[in-house]
Amino acid sequence: MKYFFAIIVIFAGALYWFFDTQQAQEKSKTEDVVQIEQRADQPVQQAQNPTLQTTEPKSKFVHFNVGNRNVKSIFSDGDIMWVGTSGGAIRYDTQTEDYRHFSVRNGLLANGVFHVSRIDKNRMAIGTYGGGLAVLNESTDEMIIYNVPNGLGDAFVYDVLTAKNGDLWIATWTGVNRIVGGDLDDPNAWELYTVENTNGGVPNDWIYGLAEGIDGQIWLATEGGLARYNQGQWQNWQHEDGLGADYELVKDFNPFKRDPANFSRHHAQQKIEQGLTGVNTAYNPNYIVSMDVEEDGTVWVGTWGGGLNRFDGENWKVYTHIDGLPSNHIFMLNRDQEGTLWIGTSKGMAKKTKDSDEFTLYTTEDGLFADAIFSMDVQDDGTLWIGSYGGVARISHFDH
């Protein structure tokens with residue numbers, strides 16, 4: 001049996017979307033389709049040049065190429081996959097293989113997309129880099145932008161969470177918004193929590209992630225530590241409390257030798273505030289890049305060079321390369337329906353099953369598009385969609 005891989009060029013935003021058709025009738029979809037005949041027992045090369053690899057595959061996978069773009073968000077919504085890239089958001093129907101590209105040409109104020117999720121049965125949230133929060137009503141096809149004049153903390157939106165009580169939380173680079181009852185069009189529903197107005201309860205105004213825990217607790221991943229909002233009260237944890245590995249433990253296993261403080265005034269100030277002036281590489285144990293919360297309240301956070309961290313509400317456990325992780329820079333965390341924790345790093349992906357502290361590692365040799373993993377979601381049938389710089393890997397299963 002032969003598989004056919006169609007390369008569809010989406011001129012809007014200069015994105016390139018590769019997909020496996022597996023059906024001959026798909027060959028005439030657009031005038032820009034180029035077909036590549038591919039044997040089922042060979043993988044597609046992960047580079048942009050679609051030359052076939054000769055190495056034996058270890059997994060069943062297909063690659064989707066988005067050109068020179070980062071894939072920062074993937075959201076599985078039944079048969080629909082949403083892919084947020086630095087060139088816009090893509091809605092892809094896995095059954096019909098139809099796609100739609102959202103960018104500044106049709107509703108967004110910025111092409112950089114850091115977050116895509118569903119707010120309710122009709123509306124999708126698209127968090128952008130500099131263009132605020134875009135809300136797409138799929139029933140009316142209307143796109144509404146919520147920005148600083150509406151009460152948004154900042155035009156840079158990293159995460160959106162619809163809480164069980166109906167509140168909407170929005171993570172920005174200038175604090176976190178809470179929209180009481182979720183009514184975005186009610187000015188009185190908008191609240192903003194920052195370092196200043198919480199008296200340091202929010203440890204840093206750069207908020208990267210949100211998650212709901214037990215009893216309605218809201219967890220925040222910030223550049224200055226982990227924070228929790230619980231019935232109007234704030235609490236936070238930092239490196240001095242057990243978050244992140246010590247620098248001496250990880251400094252010789254740091255692939256990023258350039259000090260961000262040399263290129264960013266913000267990072268230079270962060271180093272001073274967090275006592276990291278003696279560190280000259282990309283390391284900040286308080287900088288939480290990724291987060292996941294289990295049903296029992298256990299919090300998992302991934303740090304910028306400080307490894308993977310588990311917090312049970314009282315005690316911290318830190319995992320680093322010494323424990324088997326491929327890297328101490330943890331960009332993505334995703335837990336599937338079986339409780340398996342998928343860990344995206346700067347050097348590949350790791351899998352940790354619920355009852356084990358051992359890690360199984362995967363790289364491009366196993367089907368990943370690239371080894372730096374920024375985003376992921378899992379379809380209902382267990383198919384993994386994994387985002388990197390340049391593209392997405394759709395993996396039906398790994399062979400180990």
### Message
For the backbone of Pro149 and the side chain of Asn147, can you confirm whether one donor and one acceptor N or O come within less than 3.5 Å of each other?
### Response
no
#### Entry: Asp252 CG to Tyr247 OH distance, which is reported to the nearest 0.5 Å
8.0 Å
### Task
Taking atom types as modelled, find out whether Asp336 and Trp342 have a side-chain donor-acceptor pair closer than 3.5 angstrom.
yes
#### Entry: Joint cluster assignment, Leu152 & Ile179, ILVMFWY side-chain distance < 4.5 Å
yes
### Query
Should the pair Lys354-Glu294 be classified as a salt bridge under the 4.0 Å nitrogen-to-oxygen rule?
yes
### Query
Hey, does Tyr319 have a side-chain heavy atom less than 4.5 Å from the side chain of Asp357?
yes
### Task
Could you tell me if the ring centre of Trp169 sits under 6.0 Å from that of Tyr229?
yes
### Query
What distance separates Asn137 CG from Met124 CE, expressed to the nearest 0.5 Å?
11.5 Å
### Query
Would Val318 and Leu308 satisfy side chain to side chain contact (heavy atoms under 4.5 Å, CB included), going step by step from the backbone distance to the final call?
CA-CA 6 Å; Val318 181; Leu308 172 69; over 6 Å; no
### Query
Do Leu276 and Asn284 touch side chain to side chain, with heavy atoms closer than 4.5 Å?
yes
### Query
What's the spacing between Leu333 CG and Ile373 CD1 if we round to 0.5 Å?
12.5 Å
### Query
With ring centroids as reference points, do Trp234 and Tyr193 lie under 6.0 angstrom apart?
yes
### Message
Restricting to non-hydrogen atoms, name the atom on Asn204 and the atom on Gly224 that form the minimum distance, rounded to 0.1 Å.
### Response
CB-N, 3.3 Å
### Task
Go through the steps to decide whether Ile395 and Ile386 satisfy the test side chain to side chain contact (heavy atoms under 4.5 Å, CB included), and finish with yes or no.
CA-CA 8 Å; Ile395 299 178; Ile386 304 164; 3.9 Å; yes
### Message
If the test is ring-ring contact (aromatic ring centres under 6.0 Å, His included), which one of Trp304, Tyr283, Tyr287 qualifies with His329?
### Response
Trp304
### Query
Which heavy-atom pair separates Val195 from Val202 by the least distance, and what is that distance?
CG2-O, 3.1 Å
### Query
Are Ile74 and Leu161 connected in a single hydrophobic cluster, I mean Ile/Leu/Val/Met/Phe/Trp/Tyr linked by side-chain heavy atoms less than 4.5 Å apart?
no
### Task
Look up atom OG1 in Thr383 and atom CZ in Arg394, then write down how far apart they are to the nearest 0.5 Å.
7.0 Å
### Query
Charged N to carboxylate O below 4.0 Å: is that the case for Glu358 and Lys351?
no
### Query
So, the side chain of His239 versus the backbone of Leu243: is there a donor-acceptor pair under 3.5 Å, distance only?
yes
### Query
Where the side chain of Asp246 meets the backbone of Glu248, is there a donor-acceptor pair that is under 3.5 Å apart?
no
### Message
With a 4.5 Å cut-off on side-chain heavy atoms, are Leu226 and Trp316 touching?
### Response
yes
### Message
Test of understanding: clusters of I, L, V, M, F, W, Y form through side-chain heavy atoms closer than 4.5 Å, transitively. Do Phe114 and Phe331 belong to the same one?
### Response
yes
#### Entry: Residue pair Asn197 / Thr194: nearest heavy atoms and the distance that separates them
OD1-N, 2.9 Å
### Message
Quiz question: by atom type and distance under 3.5 Å, do the side chains of Asp205 and Thr174 form a donor-acceptor pair?
### Response
no
### Residue pair Ile145 / Ala134: nearest heavy atoms and the distance that separates them
CD1-CB, 3.5 Å
### Query
Nearest heavy-atom pair of Thr303 and Val289: which atoms, and what distance?
C-CG2, 4.2 Å
### Message
For the backbone of Val71 and the side chain of Ser375, can you confirm whether one donor and one acceptor N or O come within less than 3.5 Å of each other?
### Response
yes
### Query
Does NZ or CZ of Lys347 lie under 6.0 Å from the centre of the six-membered ring of Phe253, at an angle within 45° of the ring axis?
yes
### Task
Walk me through it: do Tyr92 and Phe64 pass the test ring pair (Phe, Tyr, Trp, His ring centres under 6.0 Å)?
CA-CA 11 Å; Tyr92 175 58; Phe64 299 76; 5.6 Å; yes
### Task
Could you walk me through whether Glu142 and Arg123 pass salt bridge (Lys or Arg N to Asp or Glu O under 4.0 Å), step by step?
CA-CA 10 Å; Glu142 181 183 16; Arg123 297 180 300 167; over 6 Å; no
### Query
Ion pair present between Lys317 and Asp323, side-chain N to carboxylate O less than 4.0 angstrom?
no
### Message
Closer than 3.5 angstrom, by distance alone: can the side chain of Asp371 be matched with the main-chain N or O of Thr364 as a donor-acceptor pair?
### Response
yes
### Message
Is it the case that the ring center of Phe75 lies less than 6.0 angstrom away from the ring center of Trp82?
### Response
no
### Message
Suppose we call two aromatic rings close when their centres sit under 6.0 Å apart. Are Tyr158 and Trp173 close by that rule?
### Response
yes
### Ring-face cation of Lys352 near Phe359 (centre distance under 6.0 Å, axis angle within 45°)
no
### Atom pair CG/OG1 of Leu168 and Thr162 - distance to nearest 0.5 Å
4.5 Å
### Task
Using atom types as modelled and distance alone, determine if a side-chain donor or acceptor of Arg118 lies under 3.5 Å from a backbone N or O of Asp120.
yes
### Task
Determine yes or no for a side-chain-to-main-chain donor-acceptor pair under 3.5 angstrom, with Asp312 supplying the side chain and Asn315 the backbone.
yes
### Task
Output every pair passing side-chain hydrogen bond (donor to acceptor under 3.5 Å, both in side chains) with a member in residues 210-226, not counting sequence neighbours, ordered by first then second residue.
Tyr208-Glu223, Glu223-His266
### Task
Specify the closest pair of heavy atoms between Pro326 and Gly348, including all atoms of both residues, with the distance to one decimal.
CG-O, 4.1 Å
### Query
Going hydrophobic residue to hydrophobic residue with side-chain gaps under 4.5 angstrom, can you get from Leu325 over to Leu341?
yes
### Message
Does the plane of the ring in Tyr362 sit parallel, tilted or perpendicular to the ring in Phe398? Use 30° and 60° as the thresholds.
### Response
parallel
#### Entry: Joint hydrophobic cluster, Ile126 plus Val160, side-chain heavy atoms closer than 4.5 Å
no
### Query
Taking it one step at a time, do Met143 and Phe102 satisfy side chain to side chain contact (heavy atoms under 4.5 Å, CB included)?
CA-CA 10 Å; Met143 184 88 76; Phe102 297 91; 3.8 Å; yes
### Task
Ignoring hydrogens and angles, state whether a donor on the side chain of Gln274 or Asn286 is under 3.5 Å from an acceptor on the partner side chain.
yes
### Query
Is the side chain of Asn177 donor-acceptor paired with the backbone N or O of Glu191 at a distance under 3.5 Å, no angle test?
yes
#### Entry: Check against ring pair (Phe, Tyr, Trp, His ring centres under 6.0 Å), His101 and Tyr99
CA-CA 7 Å; His101 177 216; Tyr99 62 86; 8.7 Å; no
### Query
Is the backbone N or O of Arg178 less than 3.5 Å from a side-chain atom of Asp167, with the two atoms forming a donor-acceptor pair by type?
no
### Task
Calculate, to the nearest 0.5 Å, the distance between atoms OG1 and CZ belonging to Thr85 and Phe374 respectively.
12.5 Å
### From CA spacing to verdict: side chain to side chain contact (heavy atoms under 4.5 Å, CB included), Thr128, Val157
CA-CA 5 Å; Thr128 72; Val157 174; 5.8 Å; no
### Query
Short question: side chain of Ser396, backbone of Lys60 - any donor-acceptor pair under 3.5 Å?
yes
### Query
Got Met349 and Met332 here, is their nearest side-chain heavy-atom distance under 4.5 Å?
yes
#### Entry: Validation row: Ser327, His321 side chains within 4.5 angstrom (heavy atoms)
no
### Message
With a 4.0 Å cut-off on N to O distance, would you call Glu295 and Arg335 a salt bridge?
### Response
yes
